[in-house]
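By convention here, the first residue in the shown sequence is residue 1. Side chains included, hydrogens not; waters and symmetry mates left out as well; all remaining heavy atoms used.
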Amino acid sequence: MYLGFDTSNYTTSLALYDGENIVQAKKLLQVKSGERGLRQSDAVFQHTVNMPEILNALEYDKSDIDAIAVSTRPRNIEKSYMPCFMVGKSVATAVSKFTLSKLYSTSHQVGHILAALYSVDRLDLINQEFIAFHVSGGTTEALLVTPDKDEIVKAQIIAQSLDLKAGQAVDRTGVLLGLDFPCGKELDALSLLSDKSYKIKPYVKGLDCSLSGVENKAKAMIEKGESKQDVSKFVLSYISASLEKMTELLLEKYGNLPLVFAGGVMSNTLIKTNITNKFSAYFAKPEFSCDNAAGVAIYAYLKDNI
């Protein structure tokens, strides 16, 4: 049995993996109505409060735990750091000592990639090169993923948003529309009610995209009195067009590598439909798209068995 911890900026998450099946327990952090995010101090406090409850939700015998893994940083690069991950690190270290289990550390991003591969039954891709998109509130990146002896997989950024992240565009638009943060699910539902069709010309520089214009355009649409569903569809269409163009350019440069899409934004219906209509790609299932500890638990298993 392998136990994973992930304390990202918006979800306290634990997962158990037995080599085949995953059981998850997680809780969203609370954001006050009208606000667009959390300060790190508030996230740390909520993780600390949530952790005993989440641990209690998972049923396991301490003698069954073979290894534990925890995400301790956003990415596996030098100086990648967020205080919220220290809560998971602290509790995972304590549980490791108590259960006499081995402890491994990885990044939040690697957790997302492994969770996505597991959800589409393609963990075998860790043995080859592929392109992974990690698209969330804090990240809009395309990654060249390669096998790595120490880290299981190494993820190198090969394209990204130059400014606003896709998840930020979604949440900022949602808050302007009066939706609850995080706004992805509600914005998705609203966009499906629109019968408008938008022709978007995304801004790209090299392989990178820019999303800063979409927020200003959404504000202007709202001020003009355009419907919530039309504003929602425009914003998601803009993000989709940007990701589609990035994908096209990346395949031209790197060849026809497998494509994997992970992160909360990639569970959006419109974006997923548009991309799958153009490219052969793997999308993490919704329960493995948003922040989760599933991939971190899988990391513990892989480190213990490879």
Side-chain angles (χ1 to χ4, degrees), residues 10-11 24 109 111-123 125 130-143 145 155 159-161 164-174 177 179 182-202 204 207 209 211 214 218 228-251 256-292 294-295:
Y10 294 110
T11 309
Q24 296 193 69
Q109 189 167 76
H112 264 296
I113 293 169
L114 294 179
L117 295 181
Y118 169 83
S119 78
V120 296
D121 197 25
R122 288 305 310 268
L123 277 173
L125 286 180
F130 63 94
I131 294 172
F133 275 81
H134 180 193
V135 187
S136 65
T139 304
T140 298
E141 296 173 351
L143 309 158
V145 184
Q160 60 188 318
S161 172
L164 196 67
K165 310 309 178 190
Q168 289 177 314
V170 167
D171 288 326
R172 292 182 182 186
T173 300
L177 293 174
L179 308 182
C183 309
K185 287 185 178 180
E186 288 185 90
L187 210 73
D188 188 357
L190 282 170
S191 72
L192 299 177
L193 300 175
S194 173
D195 58 5
K196 289 285 186 71
S197 179
Y198 296 100
K199 291 185 178 180
I200 309 292
K201 185 178 180 181
V204 294
L207 299 173
C209 74
L211 298 174
V214 71
K228 288 185 178 183
Q229 51 262 42
D230 289 347
V231 174
S232 299
K233 188 170 185 180
F234 170 78
V235 169
L236 294 173
S237 297
Y238 195 103
I239 293 170
S240 180
S242 300
L243 295 175
E244 290 166 52
K245 186 62 178 179
M246 290 171 73
T247 302
E248 177 187 322
L249 294 172
L250 287 166
L251 292 178
N256 193 29
L257 294 176
L259 290 168
V260 178
F261 288 86
V265 175
M266 300 318 304
S267 60
N268 176 267
T269 305
L270 183 150
I271 296 174
K272 181 178 179 181
T273 299
N274 287 349
I275 291 176
T276 52
N277 283 341
K278 288 188 175 182
F279 308 100
S280 177
Y282 298 105
F283 281 78
K285 294 178 181 177
E287 61 269 33
F288 296 103
S289 291
C290 299
D291 290 351
N292 63 82

Exercise. How long is the span from the CZ atom in Phe279 to the CG atom in Leu251, to the nearest 0.5 Å?
Worked result: 6.0 Å
Exercise. Parallel, tilted or perpendicular: which describes the rings of Phe133 and Phe261, with under 30° parallel and over 60° perpendicular?
Worked result: parallel
Problem set entry | Considering all heavy atoms, the nearest Val265-Ser136 contact | CG2-CA, 3.9 Å
Problem set entry | Heavy-atom closest contact (Ala166 atom, Val135 atom, distance) | CB-CG1, 3.4 Å
Seminar exercise, completed: Output for pair (Ile200 CD1, Lys245 NZ), nearest 0.5 Å, gives 14.5 Å
Exercise. Looking only at atom types and distance, does a side-chain atom of Lys228 sit under 3.5 Å from a main-chain N or O of Leu190, one as donor and one as acceptor?
Worked result: no
Problem set entry | Val145 and Val260, any side-chain heavy atoms less than 4.5 Å apart | no
For this session: Side-chain contact test, heavy atoms from C-beta onward, threshold under 4.5 Å: evaluate it for Asn292 versus Thr11 and give yes or no.
Result: no
For this session: Could you tell me whether the side chain of Lys278 reaches within less than 4.5 Å of the side chain of Thr247, counting heavy atoms only?
Result: no
Problem set entry | Tyr238 backbone acceptor or donor facing Ser242 side chain under 3.5 Å | yes
For this session: First locate atom CD1 of Ile239, then atom CG of Asn268, and finally report the distance between them rounded to the nearest 0.5 Å.
Result: 7.5 Å
For this session: Write down the atom of Leu123, the atom of Leu114, and the distance for their closest heavy-atom approach.
Result: CD2-O, 3.9 Å
Exercise. Where is the tightest heavy-atom contact between Val235 and Ala218, given as atom of each residue plus distance?
Worked result: CG2-CB, 3.9 Å
Exercise. Are Thr173 and Cys183 side-chain neighbours, meaning at least one heavy-atom pair lies under 4.5 Å?
Worked result: no
Problem set entry | Beyond-backbone contact of Leu117 with Tyr282, side-chain heavy atoms, under 4.5 angstrom | no
For this session: Look at the side chain of Ser289 and the backbone N and O of Lys285, then say whether any donor-acceptor pair between them is shorter than 3.5 Å.
Result: yes
For this session: Check whether any side-chain heavy atom of Leu187 lies under 4.5 Å from a side-chain heavy atom of Leu177, and answer yes or no.
Result: yes
Problem set entry | Glu141: which of Lys165, Gln109, His134 passes side chain to side chain donor-acceptor pair (under 3.5 Å) | Gln109
Exercise. Out of curiosity, Leu236 CG to Asn274 CG, how far, rounded to the nearest 0.5 Å?
Worked result: 10.0 Å
Exercise. Would one find more than 12 heavy atoms of other residues, nucleotides or ligands at under 6.0 Å from atom CG of Asn277?
Worked result: yes
Exercise. If we only count heavy atoms from C-beta on, is the Tyr198 to Lys233 side-chain gap below 4.5 Å?
Worked result: yes
Exercise. Any side-chain heavy-atom pair from His112 and Thr139 closer than 4.5 angstrom?
Worked result: no
For this session: Could you grab the distance from atom CD1 of Ile271 to atom CG of Leu243, nearest 0.5 Å is fine?
Result: 6.0 Å
Exercise. Would a distance-only check, ignoring hydrogens and angles, find a side-chain to backbone donor-acceptor pair under 3.5 Å from Ser119 to Ala116?
Worked result: yes
Exercise. What is the minimum heavy-atom distance between Leu207 and Ala159, and which atoms define it?
Worked result: O-CB, 3.3 Å
Exercise. From Leu270 CG over to Ser237 OG, what is the distance, rounded to the nearest 0.5 angstrom?
Worked result: 4.5 Å
Seminar exercise, completed: Of all heavy-atom pairs linking Ala132 and Ile113, the shortest is CB-CG1, 4.4 Å
